[in-house]
Q: 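Structure provided below as structure tokens; questions to follow.
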2 protein chains.
Amino acid sequence: GERNNGFDVLYHNMKHGHLSTKELADFIRERATIEEAYSRSMTKLAKSASNYTQLGTFAPVWDVFKTSTEKLASCHLDLVRRLQELIKEVHKYGDEQIKAYKKTKEEVSGTLEAVQNIQSITQALQKSKENYNAKCLEQERLKKEGATPREIDKATVKSKKATDTYKLYVEKYAAVKSDFEQKMTETAQKFQDIEETHLLHMKEIIESLSNTIKDTHLQIGEVHEEFINNMTNTTVESLIQKFAESKGTGKERPGTRLNMTVEEMLV
Amino acid sequence: GERNNGFDVLYHNMKHGHLSTKELADFIRERATIEEAYSRSMTKLAKSASNYTQLGTFAPVWDVFKTSTEKLASCHLDLVRRLQELIKEVHKYGDEQIKAYKKTKEEVSGTLEAVQNIQSITQALQKSKENYNAKCLEQERLKKEGATPREIDKATVKSKKATDTYKLYVEKYAAVKSDFEQKMTETAQKFQDIEETHLLHMKEIIESLSNTIKDTHLQIGEVHEEFINNMTNTTVESLIQKFAESKGTGKERPGTRLNMTVEEMLV
């Protein structure tokens with residue numbers, strides 16, 4: 001009911017804490033799966049680059065693409081490995097969380113008792129107050145309506161009894177109230193501490209995730225810088241030079257060899 | 001054959017140039033497909049984040065994850081769009097290349113003729129030289145062996161005729177040689193210019209690809225910085241505060257409401 005709302009909400013939130021841990025592990029696992037697929041696709045793309053024609057002046061450029069794409073694949077695979085390590089840590093934390101929650105459940109059992117105690121006394125208190133009111137009204141009604149002294153005496157006894165009962169429950173309530181308040185305050189503090197520790201741990205995990213992703217981002221940036229440098233070094237002149245050397249056409253006069261053959265023949 | 005190697009190699013390289021263009025378009029398309037799949041997976045991951053429990057203190061963190069993951073998906077989708085634009089440009093260039101190559105093929109037809117011309121004259125020159133050598137040797141053999149004057153005269157006539165033919169082909173060779181050399185030099189220069197222009201264009205496309213990828217990389221970096229900032233702003237205190245507000249448990253004393261109800265009742 002509404003009366004022990006505070007306790008229930010806090011107690012269930014502790015369970016939600018464990019659910020969050022599981023969900024964070026799921027989230028990281030899904031991310032790892034995505035990165036793994038991306039890495040595999042990049043490896044395939046690198047193979048495509050190496051399967052392109054090895055003929056013509058452009059051929060050496062495919063090596064630059066291949067190397068860079070392989071490195072990209074490797075960066076993302078490295079990320080996958082680190083994410084998998086992180087998932088293990090999250091699971092480990094989730095297990096610790098369950099143990100801690102079981103321990104807490106035992107520790108707060110006294111509070112739950114106090115909650116139930118004050119609830120039953122509150123109910124009894126309410127009932128006795130209603131009874132007290134009813135009996136007082138009945139006594140005054142009989143006096144007003146001019147009932148017999150015997151009837152009035154009887155009502156007075158009932159009213160007196162209801163007042164005593166009511167006072168008893170007020171005293172009982174006062175007695176359990178301080179016990180309830182003390183335990184509830186302690187438990188609320190305990191739940192809050194658990195919650196704070198949990199959120200701090202979650203934030204640490206997320207920071208670790210962030211750092212991993214940031215590292216990967218930096219590595220990818222380096223791969224990209226390297227690609228740009230390699231492409232800058234792969235000049236048009238160097239490509240034509242390489243091609244001329246591999247084909248032996250000579251760079252300046254492709255007709256030279258033919259001439260040589262004839263000239264030699266005429267010697 | 002080996003003799004017009006230079007021409008063939010250069011001519012075929014021009015065709016390889018077009019093949020490279022097609023392959024570069026294929027490479028970019030494959031990359032775009034990978035990025036599209038990655039973006040789709042990220043969108044799915046963002047949905048996962050928004051489907052996680054909305055209960056408990058950790059719930060607001062999923063919004064931070066969701067926003068960041070959606071933005072990541074968007075960065076990669078933006079990359080896909082830009083790569084598709086680039087593919088269009090590469091195809092357009094490929095079409096221009098084909099036109100230019102057809103034009104070049106016509107322009108170098110004179111050179112091909114000159115190549116074939118010098119080839120056939122070279123062959124004839126070689127044959128006439130062999131014939132000249134044979135006839136001279138025959139003439140000397142007959143002289144040594146003391147053949148009849150009639151036989152020697154006949155051989156001398158044949159030797160003379162072979163010498164004339166040989167001289168004729170040497171002259172013919174000299175005549176076509178300069179034409180061949182001039183055309184071949186021009187054509188080699190033309191092929192080299194085409195090759196240089198092609199490689200420059202390819203390098204421009206690759207630079208455009210690099211810039212696009214670099215832009216995306218910077219955008220992703222910004223998304224990540226934003227995530228880190230949002231996580232820093234999502235303090236443990238703010239999460240507990242938000243939770244307490246949403247549940248109305250009160251931060252300090254969850255038992256307060258129960259007490260209030262009883263105190264009011266006692267008035």
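Residue numbers start from 1 in every chain, and the chains themselves are labelled A, B, ... in the order their sequence lines are given, proteins ahead of strands. Because the structure is a prediction, the values reported are computed rather than measured.
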Q: Under a 4.5 Å heavy-atom cutoff, which of S48(B), S20(B), S210(B) has the most pairs with chain A?
A: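 That would be S210(B).
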
Q: Against T57(B), only a single residue in E195(A), H16(A), E196(A), H198(A) fulfils side chain to side chain donor-acceptor pair (under 3.5 Å); can you say which?
A: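 The residue from E195(A), H16(A), E196(A), H198(A) that satisfies side chain to side chain donor-acceptor pair (under 3.5 Å) with T57(B) turns out to be E195(A).
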
Q: Show every salt bridge (charged side-chain N to carboxylate O under 4.0 Å, His left out) that has at least one partner inside residues 34-54 of chain B, sequence neighbours left out.
A: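 Listed by first then second residue: R31(B)-E35(B).
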
Q: Please look at L209(A) and chain B and tell me whether the side chain, the backbone, both or neither of the residue comes under 4.5 angstrom of a heavy atom of that chain.
A: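 For L209(A), the side chain is the part near chain B, not the backbone.
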
Q: Among L239(B), L200(B), I206(B), I228(B), which residue forms the greatest number of heavy-atom pairs with chain A at distances under 4.5 Å?
A: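 Among the listed options, the one with the most contacts to chain A is I206(B).
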
Q: Do M202(A) and L24(A) come within less than 4.5 Å of each other through their side chains, counting heavy atoms only?
A: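 Answer yes - side chains close enough.
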
Q: Before accepting this row, confirm whether a basic side-chain N of the pair R29(B)/D26(B) lies closer than 4.0 Å to the acidic partner's carboxylate O.
A: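 The answer is yes: the pair qualifies as a salt bridge.
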
Q: What part of H217(B) lies closer than 4.5 angstrom to a heavy atom of chain A: side chain, backbone, both or neither?
A: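 Looking at H217(B), backbone and side chain both touch chain A.
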
Q: Please identify, among L45(B), L218(B), V236(B), the residue contributing the most non-hydrogen atom pairs under 4.5 Å to chain A.
A: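 The residue among L45(B), L218(B), V236(B) with the greatest pair count is L45(B).
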
Q: Check each atom of F227(B) against the heavy atoms of chain A and say whether the ones under 4.5 Å are side chain, backbone, both or neither.
A: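 The side chain, not the backbone.
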
Q: Could you check which of T235(A), T33(A), I213(A) has the highest count of heavy-atom pairs closer than 4.5 Å to chain B?
A: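 Greatest number of close heavy-atom pairs with chain B: I213(A).
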
Q: Of the backbone (N, CA, C, O) and the side chain (C-beta and beyond), which part of T232(B) lies under 4.5 Å from a heavy atom of chain A, both, or neither?
A: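 The backbone, not the side chain.
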
Q: With a 4.5 angstrom heavy-atom cut-off, could you sort out which part of L19(B) is near chain A: side chain, backbone, both or neither?
A: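 Contact with chain A is through the side chain of L19(B) alone.
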
Q: Could K214(A) and E225(B) be called an ion pair, given the rule that one side-chain N must be under 4.0 Å from one carboxylate O?
A: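 Salt bridge present between K214(A) and E225(B).
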
Q: Please classify the contact between L72(B) and chain A as side chain, backbone, both or neither, with a heavy-atom cut-off of under 4.5 Å.
A: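 The side chain, not the backbone.
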
Q: Using a 4.5 Å cut-off on heavy atoms from C-beta on, say whether the side chain of I28(A) contacts that of I205(A).
A: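 Side-chain contact under 4.5 Å: yes.
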
Q: Using a distance-only test with no angle check, is there a side-chain donor-acceptor pair under 3.5 angstrom linking E245(B) and Q241(B)?
A: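 Yes, side-chain donor-acceptor contact under 3.5 Å.
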
